[in-house]
Protein chains: 4
Amino acid sequence: MKANVKAREAGGEKRPRGRPRSERAKAAILSAARELLAELGPSGVTIEGVAARAGVGKPTIYRWWPDRYAVVMAALMESESPPQAPAHRARSALKSLRVQLRRMAAVFATGTGRAIAAMLAAAEQETEISRAFRNHFVLARREEGRALLREAIAAREIRADIDVDVALDMIYGPLFFRLLLGHAPIDERFMERVLDHALHGLRYG
Amino acid sequence: MKANVKAREAGGEKRPRGRPRSERAKAAILSAARELLAELGPSGVTIEGVAARAGVGKPTIYRWWPDRYAVVMAALMESESPPQAPAHRARSALKSLRVQLRRMAAVFATGTGRAIAAMLAAAEQETEISRAFRNHFVLARREEGRALLREAIAAREIRADIDVDVALDMIYGPLFFRLLLGHAPIDERFMERVLDHALHGLRYG
Amino acid sequence: MKANVKAREAGGEKRPRGRPRSERAKAAILSAARELLAELGPSGVTIEGVAARAGVGKPTIYRWWPDRYAVVMAALMESESPPQAPAHRARSALKSLRVQLRRMAAVFATGTGRAIAAMLAAAEQETEISRAFRNHFVLARREEGRALLREAIAAREIRADIDVDVALDMIYGPLFFRLLLGHAPIDERFMERVLDHALHGLRYG
Amino acid sequence: MKANVKAREAGGEKRPRGRPRSERAKAAILSAARELLAELGPSGVTIEGVAARAGVGKPTIYRWWPDRYAVVMAALMESESPPQAPAHRARSALKSLRVQLRRMAAVFATGTGRAIAAMLAAAEQETEISRAFRNHFVLARREEGRALLREAIAAREIRADIDVDVALDMIYGPLFFRLLLGHAPIDERFMERVLDHALHGLRYG
DNA sequence: GGATAATCGAGACGGTACGTCGCGTCTTCAT
DNA sequence: ATGAAGACGCGACGTACCGTCTCGATTATCC
């Protein structure tokens with residue numbers, strides 16, 4: 001234990017008073033939640049199950065998250081890396097958008113996709129974490145898309161008189177539509193075609 | 001008794017042996033479920049609550065629906081009339097589509113909308129009722145849309161080389177995207193603009 | 001059918017009006033109850049189980065017996081023949097008593113014995129059938145015993161100043177005591193020894 | 001903290017890890033069970049009823065007792081004090097036995113008596129608690145009786161060649177016989193007469 | 001022979017209670 | 001002052017049977 005003491009002195013961090021552990025437990029909890037999510041789906045992630053698998057007391061979980069939804073969301077957010085922020089800056093804005101959409105399709109085509117959709121729909125009240133979750137998985141990328149559309153407008157690749165919010169929902173909406181309804185598969189090709197159709201329009205032109 | 005036999009054969013209906021199910025109970029159950037759904041949201045619709053309010057035994061509910069999701073779905077399907085089949089045959093196919101989209105927006109803008117989205121996402125397995133539900137609320141109208149798009153193609157109002165499935169998801173997807181994410185309101189104007197943007201495309205043209 | 005009519009007129013009984021009760025159904029019910037009793041014990045004899053196994057509707061059972069206890073008791077009473085009325089009239093009354101006790105031991109040593117005890121104890125209210133049941137299995141034989149004791153008194157085989165009721169409970173009681181407590185086996189030898197000890201007393205004499 | 005450790009080692013008690021069980025809840029459960037038993041009889045003691053009256057969750061009951069029979073037995077065992085161990089050491093063993101029998105008669109003459117008999121008969125399988133129950137109410141006293149009979153033999157008050165087990169069942173059996181059959185009342189006088197008849201025998205002597 | 005009527009099978013009904021699962025909180029001991 | 005362990009009150013789950021009722025079909029008697 002001498003080493004421990006020395007390390008602490010060396011690090012110089014100030015410990016509150018008597019609490020030695022915490023990050024280890026947090027990691028174990030999220031890890032257990034991720035496993036259960038993969039094995040049993042969103043409804044199979046119970047606090048009791050997570051606590052048992054993580055070797056942790058239930059109150060420890062509640063010390064970090066307010067309820068089981070928050071735990072599942074946190075686990076999903078940890079497990080699924082977002083499409084690395086600047087997302088492969090391509091030559092043109094539309095090209096970058098195309099890359100981003102392909103990446104999203106790849107993520108949402110997995111079982112994780114349905115879990116995310118379920119959590120999005122299940123979030124009954126507007127909480128901190130549900131907002132963060134929506135932002136993490138969807139709205140942040142939609143904002144990336146907004147920036148790219150603006151660039152494309154500036155580059156005169158797309159028209160200036162469009163309603164950007166409508167355009168964004170038209171591009172990202174189909175992904176979640178298929179996720180929710182399951183009437184057709186989600187793949188990279190699909191997202192590309194969505195973008196193409198959105199750009200060219202359905203009319204003769 | 002020959003007449004009786006003949007009538008049954010003719011009608012083709014097959015009377016089962018025992019006491020027939022009580023339509024009164026069925027109506028009371030769905031009615032109670034609808035009320036609870038409106039008052040407490042999807043998660044507030046418990047079998048116990050429905051049974052108590054409907055003045056019905058729990059086993060009677062389980063005799064007809066496999067679980068609470070099925071009851072909620074059935075209640076929603078009973079309460080919400082779909083946009084009357086042929087949906088106001090307008091002069092042109094696109095006009096008819098526009099009318100249908102406005103109607104859907106009106107339905108999904110209500111609290112019922114979120115409930116439908118929640119049920120769509122919560123349905124963990126592919127059951128008879130979940131399929132019926134998706135079909136009732138969404139896919140049937142998407143198929144209406146498909147017919148209208150085909151008409152529009154025949155009438156040379158839109159291009160013949162489009163991928164109709166992609167086009168449909170691009171038109172109906174944004175509605176569910178907003179429903180799920182809640183980042184912007186759903187109203188008739190929104191759906192109209194979606195259709196407009198889909199038709200004209202984002203490019204210069 | 002002439003014979004039938006004549007017999008009825010002779011007997012003078014009045015046929016109610018409608019379809020007569022099916023003796024076949026009654027027999028099937030008791031048979032099914034007996035089987036379930038043997039397989040699952042008294043608590044395993046449910047009305048639903050009996051109805052299903054007998055190929056009979058539940059109301060048919062309730063037309064004959066008021067509740068499931070009555071059915072079990074009836075099944076037991078049908079299955080277990082009482083120790084043939086006069087029970088082997090031996091040379092002396094005490095010898096006859098000894099024979100009767102041996103026979104009772106044989107009956108109660110089987111699984112049926114515990115079932116009878118359970119039904120005796122479970123009968124919460126004083127009904128027609130529970131009285132009949134107690135009488136059939138126990139009290140009738142106790143009355144036989146009373147007659148035999150009286151004979152033995154007359155024959156000066158036992159004392160005249162005893163309390164016959166006390167004596168009878170002292171002879172038949174031990175059987176049910178072991179049945180209920182299960183602390184020792186029930187067999188013919190045991191009942192014989194009970195009778196011997198009752199006759200000779202525990203004192204020196 | 002050395003003292004603490006030492007004390008525990010000395011006492012030998014082993015504190016389990018978690019929150020200790022609530023004695024308050026245990027007492028409330030048994031108390032509620034006792035009340036319901038008195039008001040409604042053995043079949044009126046339902047787990048739901050006990051939980052509601054005790055202000056306790058059902059799972060708390062199931063944590064400590066395997067089923068409703070065990071709860072009733074525990075309640076009976078708590079409520080009814082056994083006839084204080086050494087049971088009034090009288091001058092002679094037979095006198096002590098007589099006192100014990102009178103006390104038992106007093107206990108079993110009450111409504112509690114029938115409840116005990118019902119539980120004895122209902123216990124379908126041989127469990128820890130059913131064994132404890134039988135021992136508590138009956139077999140322990142039968143063993144007391146055995147000791148007293150042995151004393152009486154040593155004191156030459158009764159014969160040495162008797163089968164003590166048979167004699168015991170002959171003395172205690174009649175009590176349960178009347179309890180089960182209800183053909184005659186149970187009172188102190190009855191038990192005394194049983195003992196008298198057992199001692200003197202039915203023969204002339 | 002046709003009407004009448006009771007019983008039959010089947011099985012749904014409103015109920016009660018079961019025993020279980022998971023929730024989120026609380027309490028204890030050990031660190 | 002945390003952390004694991006785990007009991008607590010609670011609410012809902014889905015199931016088993018209860019005893020009753022409502023059907024169409026069947027089987028008898030009565031007119």
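In what follows, chains carry the letters A, B, and so on, assigned in the order in which the sequence lines appear, proteins first and then strands, with residues in each chain numbered from 1.
Annotation: A/Glu128, atom CD; neighbour count of heavy atoms from other residues, nucleotides and ligands within 6.0 Å does not exceed 12.
Note: CG (D/Asp67) to C1' (F/dA16) measures 16 Å, nearest angstrom. One can place OH of D/Tyr69 at 14 Å from P of E/dA17, the figure rounded to the nearest angstrom. In this structure, B/Glu23 atom CD and E/dC13 atom C1' are separated by 14 Å, rounded to whole Å. To the nearest angstrom, C1' of F/dT20 lies 18 Å from CZ of C/Arg68.
Contacts between residues 42-50 of chain C and DNA chain F, defined by a heavy-atom separation below 4.0 Å, involve C/Thr46, C/Ile47, C/Glu48, listed by number. Residues of residues 56-64 of chain C having a heavy atom closer than 4.0 Å to DNA chain F, listed by number: C/Lys58, C/Pro59, C/Tyr62.
Between B/Pro66 and D/Lys26, the residue whose closest nucleotide on DNA chain F is further toward the 5' end is D/Lys26.
In terms of heavy-atom proximity, D/Ala115 sits nearest to D/Pro42 at CA-CG, 4.0 Å.
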Side-chain donor-acceptor pairs under 3.5 Å in residues 20-32 of chain B, sequence neighbours left out?
residue : atom : partner : partner atom : Å
B/Ser22 : OG   : B/Arg24 : N            : 3.4
B/Ser22 : OG   : B/Ala25 : N            : 2.9

Give the table of side-chain donor-acceptor pairs shorter than 3.5 Å for residues 60-72 of chain C, with sequence neighbours excluded, one pair per line with atom names and distance.
residue : atom : partner : partner atom : Å
C/Asp67 : OD1  : C/Tyr69 : N            : 3.2
C/Asp67 : OD1  : C/Ala70 : N            : 3.1
C/Arg68 : NH1  : C/Val45 : O            : 2.6

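Sorted by first and then second residue, the pairs that involve residues 41-50 of chain D and meet salt bridge (Lys or Arg N to Asp or Glu O under 4.0 Å), not counting sequence neighbours, are D/Glu48-D/Lys58.
The base of F/dC8 is not paired with the side chain of D/Arg19 by any donor and acceptor separated by under 3.5 Å.
Taken to the nearest 0.5 Å, the CZ atom of B/Phe133 stands 5.0 Å off from the CG atom of B/Leu120. Atom CG in B/Leu37 sits 11.0 Å away from atom CD in B/Glu35 (nearest 0.5 Å).
Every residue meeting the salt bridge (charged side-chain N to carboxylate O under 4.0 Å, His left out) condition with C/Glu39, not counting sequence neighbours, appears here in chain and number order: C/Arg53.
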